[in-house]
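See below for the structure under consideration.
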Amino acid sequence: MRFCQVLMLLRLGARSLAALDGSRYLWYKQPATEWEKGSLPIGNGRMGATIYGSLDEVLTLNEDTIWSGPFQDRTPINGLEAFRQARELFLIGNITGGGDLVMDQMNQPDEAKSQRQFSYFGNLNMAFGHSGGVDNYMRWLDTRVGNSGVSYTYGGVSYTREYIASFPGDILAARFQSSQKGGLNLNASISRGTSYIENVASVGDGIATLTYRGSSGQPVDQGPILFSGQARFVAVGASVTTSKSTVIIKGATTIDVFIDIETSYRYSDSKELDAEIDSKLTKAVDSGYEVVRDEALEDSTALLERASIAIGQSTNGLSNLPTDERVHNARTNRDDVELIALAWNLGRHMLVSSSRNTKAEVDFPANLQGVWNNRTSAAWGGKYTININTEMNYWPAMTTNLLETQEPLFDLMKLAQPRGEQMARDLYDCEGTMYHHNLDLWADTAPTDKYRSASMWPMGAAWLVQHMIEHYRYTGDRTFLKDTAYPYLVDVAKFFECYTMDWEGWRITGPSLSPENTYIVPADMSNAGVGEPMDVNIAMDDQIMRDVFRALLEAADELNISDSDADVTKAKEFISKIRPTQIGSLGQVLEWRSEYMELTKGHRHFSHVYGLHPGSEFSPLNNETLAHAAGISVDRRRDNGGGGTGWSRTWMINLYARLFRGDDAWEMAQVWLERFVTEGLWNTDSGETFQIDGNMGFTSGITELFLQSHAGVIHILPALPGNAIPTGQAKGLTARGNFVVDIEWESGSFKSANVTSNIGADLKLRVQDGIKILVDGALYKDTIHTTQGVQYRITAV
């Protein structure tokens with residue numbers, strides 16, 4: 001198989017490194033020295049590991065339910081009364097007074113202001129007794145298969161390591177080998193900074209085991225999250241002993257390692273938890289590493305190879321350089337086009353590795369760091385930040401043929417729904433469900449972090465439910481629509497039908513905000529001249545509400561629900577009362593109820609053009625006027641320093657692609673590489689601090705250059721940057737209507753495409769700027785009623 005061929009190639013040494021595909025492999029000539037600046041990520045959705053590749057290896061281990069503690073009821077005690085009073089203050093123009101009341105009474109005090117935080121299991125430390133200089137060192141990650149490895153020569157002996165994450169076996173595994181019989185020694189232990197309960201090493205039946213048990217740190221009567229993990233070592237023919245909490249192996253030729261971690265979140269009974277670990281690891285040991293590896297990589301490859309892009313070759317041999325050198329080169333040189341493709345592939349690998357659906361009652365989606373973290377508390381708490389970041393994680397799931405990776409997001413939404421219903425009642429005196437701008441492991445829906453420009457935002461459920469209706473649009477799964485998406489849409493709609501208030505003939509939100517942005521309070525309001533984030537009638541809120549109610553009516557129509565149905569009737573009445581998008585004096589989309597001046601003109605969020613992306617209301621094919629206004633808004637942000645974080649810059653790729661401005665989108669992609677990626681191509685907030693959303697947003701944005709389907713038409717090459725990538729291919733991309741699309745272009749122009757209909761949906765086509773095309777040799781004129789399973793050949797006239 002391919003991964004075996006790769007290992008053989010790597011053993012040949014440096015002369016063969018140029019044979020590695022520069023759009024597929026991350027590889028390095030030295031170990032990583034910092035976690036976020038070069039360690040390589042693998043994962044099976046539930047568990048993750050990052051690999052430094054040091055001579056004395058460190059494997060940082062994660063499990064997606066190891067968080068900082070049990071559920072907290074953080075409902076503000078006086079929140080409902082404060083909500084009513086604050087609303088009146090905003091309506092009369094007392095902006096600061098309303099904001100102060102929200103912060104004081106609709107948020108928890110400082111000691112309870114924050115949700116739980118994503119943590120980590122610990123480090124598996126493995127000392128091989130190798131120090132000083134080595135030859136032919138290399139470590140690598142295959143983004144098209146999902147495995148990683150290390151190889152080098154020490155003292156004339158070749159050593160290799162391979163790491164895998166098995167979704168079928170629900171474990172992590174590794175194999176260490178020496179070219180010399182008996183030439184491999186290992187001391188292994190597990191360490192963690194705090195809150196460990198047990199850390200022991202044992203040997204039985206020739207198998208060594210490290211067992212580590214820990215806690216989120218609360219007293220037992222407060223219900224801390226308890227976690228336990230084991231690493232089992234199989235070294236046939238070697239000496240295997242222990243010393244305290246260390247496994248000692250001497251004289252091995254091959255060492256296989258199998259790892260599992262479980263927590264009390266899923267197994268409240270400790271005996272059941274231990275039995276689960278034992279069952280998985282015993283099965284893996286009995287099956288053997290090769291069987292475990294084959295099953296794991298067959299599974300991951302089946303997902304990762306569904307889609308691909310080939311967008312040209314880098315000049316001057318740039319793609320043959322180690323990845324860290326390529327990243328440094330990309331700071332000043334834009335000739336490494338294969339680095340774009342590598343980052344696209346890495347985004348898909350990271351999504352598959354951090355978000356998989358199992359038979360468990362709850363699988364968790366990718367958080368702010370996917371499923372990887374090396375600290376007791378992750379950056380920003382590693383939460384599910386739902387005012388852009390979690391949604392961005394799943395943009396490429398829909399367009400790059402990875403739809404099942406989105407299903408854990410629906411599990412979190414299922415968990416959050418009843419909590420959101422309770423929050424709606426307690427804080428707003430409304431039925432329906434709602435969330436604020438973050439969720440945690442427990443789906444805590446209360447305002448969090450006491451962040452003046454973010455916490456009071458009641459639109460989280462409304463944005464997330466768009467992923468449910470989009471899942472239907474991509475799959476055509478009517479059972480999912482009927483049983484999952486439509487009831488959720490109804491529940492979200494109920495909240496807004498109650499929560500919104502009458503203002504100048506419209507139903508508006510408030511107090512709310514345009515996520516994390518701030519305006520200067522105008523002269524006729526108080527306190528004039530200060531920066532404030534909150535108000536009523538936020539533009540983004542209107543756009544999201546329109547999407548909710550349009551989706552509800554679309555779903556009702558698909559399910560043949562009568563127009564006289566109460567939910568349908570209410571939705572039709574409500575949607576007519578949502579205030580239309582307002583355009584300002586500069587031709588821009590207004591962000592707030594009036595033309596306030598932004599405190600930061602180049603703000604990182606593009607919330608007021610949600611309707612351009614991920615929404616469709618501002619698409620040039622749907623509304624040229626709003627598309628033009630959105631373009632002015634995006635340009636203003638860019639020209640004033642916007643896109644100042646990695647995720648923000650990749651959102652800009654998507655926005656410009658939706659405006660059919662491929663050259664501008666490509667420019668944003670290049671700037672992202674120049675300013676925001678680490679040596680491991682991890683996205684950062686602003687040059688440091690890993691945040692995975694930008695990786696996913698990048699993959700989505702590049703895909704949007706080649707295929708879009710949000711405007712009721714499958715649009716092929718809508719934003720191709722023809723000068724930058726004049727010739728190329730994109731295969732296996734997905735479009736609404738459950739179509740799979742392969743595209744080929746040449747000299748900056750469309751050449752051909754194959755469109756496969758998976759469910760027999762109607763097919764409406766547009767190519768580039770509307771050029772004439774042939775479908776199966778006949779001139780395309782109008783919608784095609786496709787046949788399920790049939791592929792349609794598209795060519796230029």
Side-chain angles (χ1 to χ4, degrees), residues 42-49 59 61-67 120-122 124 146-147 162-175 188-190 192 196-215 225-236 240 242 245 247 254-300 353-364 371 407-408 411 441:
I42 62 171
N44 66 2
R46 185 179 67 85
M47 290 188 294
L59 211 63
L61 301 173
N62 296 100
E63 199 274 350
D64 64 3
T65 59
I66 300 178
W67 286 58
Y120 80 131
F121 173 76
L124 176 57
N147 58 341
E162 183 188 23
Y163 301 93
I164 63 168
S166 172
F167 176 74
D170 199 19
I171 61 166
L172 306 174
R175 168 166 279 187
S189 62
I190 296 174
R192 188 178 195 265
Y196 82 89
I197 298 170
E198 182 182 28
N199 188 4
V200 297
S202 60
V203 176
D205 297 326
I207 297 172
T209 301
L210 292 173
T211 300
Y212 189 95
R213 304 182 195 276
S215 163
I225 295 175
L226 304 176
F227 52 88
S228 180
Q230 283 191 2
R232 294 188 185 176
F233 299 79
V234 179
V236 176
V240 182
T242 66
S245 58
V247 163
T254 298
I255 302 173
D256 294 333
V257 188
F258 304 95
I259 304 164
D260 185 35
I261 304 164
E262 305 291 344
T263 80
S264 60
Y265 187 95
R266 292 191 172 99
Y267 300 98
S268 57
D269 183 278
S270 61
K271 292 181 179 179
E272 186 181 1
L273 187 156
D274 291 341
E276 182 70 10
I277 293 175
D278 183 67
S279 174
K280 290 176 182 176
L281 294 184
T282 298
K283 181 180 178 181
V285 170
D286 290 347
S287 298
Y289 179 80
E290 291 184 359
V291 170
V292 171
R293 179 188 60 190
D294 289 354
E295 290 177 347
L297 301 189
E298 182 179 2
D299 167 78
S300 56
S353 298
S354 61
S355 187
R356 295 295 299 273
N357 192 45
T358 72
K359 295 179 180 179
E361 183 177 351
V362 178
D363 292 296
F364 284 94
V371 72
E407 292 172 4
D411 282 359
L441 174 75

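What you see below is based on every heavy atom in this structure, not just the backbone, and it leaves out hydrogens, waters and symmetry mates. We're numbering straight along the sequence, starting at 1. Here the structure is a predicted model, which means the values were calculated and not measured.
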Do [X] and [Y] come within less than 4.5 Å of each other through their side chains, counting heavy atoms only?
{"X": "Phe121", "Y": "Ile190", "answer": "yes"}
{"X": "Thr254", "Y": "Val236", "answer": "no"}
{"X": "Arg293", "Y": "Asp256", "answer": "no"}
{"X": "Phe233", "Y": "Ile255", "answer": "yes"}
{"X": "Ser264", "Y": "Ile225", "answer": "yes"}
{"X": "Phe364", "Y": "Trp67", "answer": "no"}
{"X": "Tyr120", "Y": "Arg192", "answer": "yes"}
{"X": "Ile259", "Y": "Leu59", "answer": "yes"}

Distance (rounded to the nearest 0.5 Å) between [X] [atom1] and [Y] [atom2]:
{"X": "Asp294", "Y": "Asp299", "atom1": "CG", "atom2": "CG", "value": "12.5 Å"}
{"X": "Leu226", "Y": "Glu262", "atom1": "CG", "atom2": "CD", "value": "13.5 Å"}
{"X": "Thr209", "Y": "Ile277", "atom1": "OG1", "atom2": "CD1", "value": "11.0 Å"}
{"X": "Asp64", "Y": "Met47", "atom1": "CG", "atom2": "CE", "value": "9.5 Å"}
{"X": "Thr242", "Y": "Leu210", "atom1": "OG1", "atom2": "CG", "value": "9.5 Å"}

Residues, nucleotides or ligands: over 12 heavy atoms within 6.0 Å of Glu272 CD: yes
Neighbour count above 12 (heavy atom, 6.0 Å) for Glu361 CD: no
Stepwise side chain to side chain donor-acceptor pair (under 3.5 Å) test for Arg46 and Thr65: CA-CA 8 Å; Arg46 185 179 67 85; Thr65 59; over 6 Å; no
Looking at [X] and [Y], does any basic side-chain N land under 4.0 Å from a carboxylate oxygen?
{"X": "Lys271", "Y": "Asp278", "result": "no"}
{"X": "Arg356", "Y": "Asp170", "result": "no"}
{"X": "Glu276", "Y": "Arg266", "result": "no"}

Plane angle bin for Tyr212 and Tyr196 - parallel if under 30°, tilted between 30 and 60°, otherwise perpendicular: tilted
Partners passing side chain to side chain contact (heavy atoms under 4.5 Å, CB included) against Ser268 (at least two apart in sequence or in another chain): none
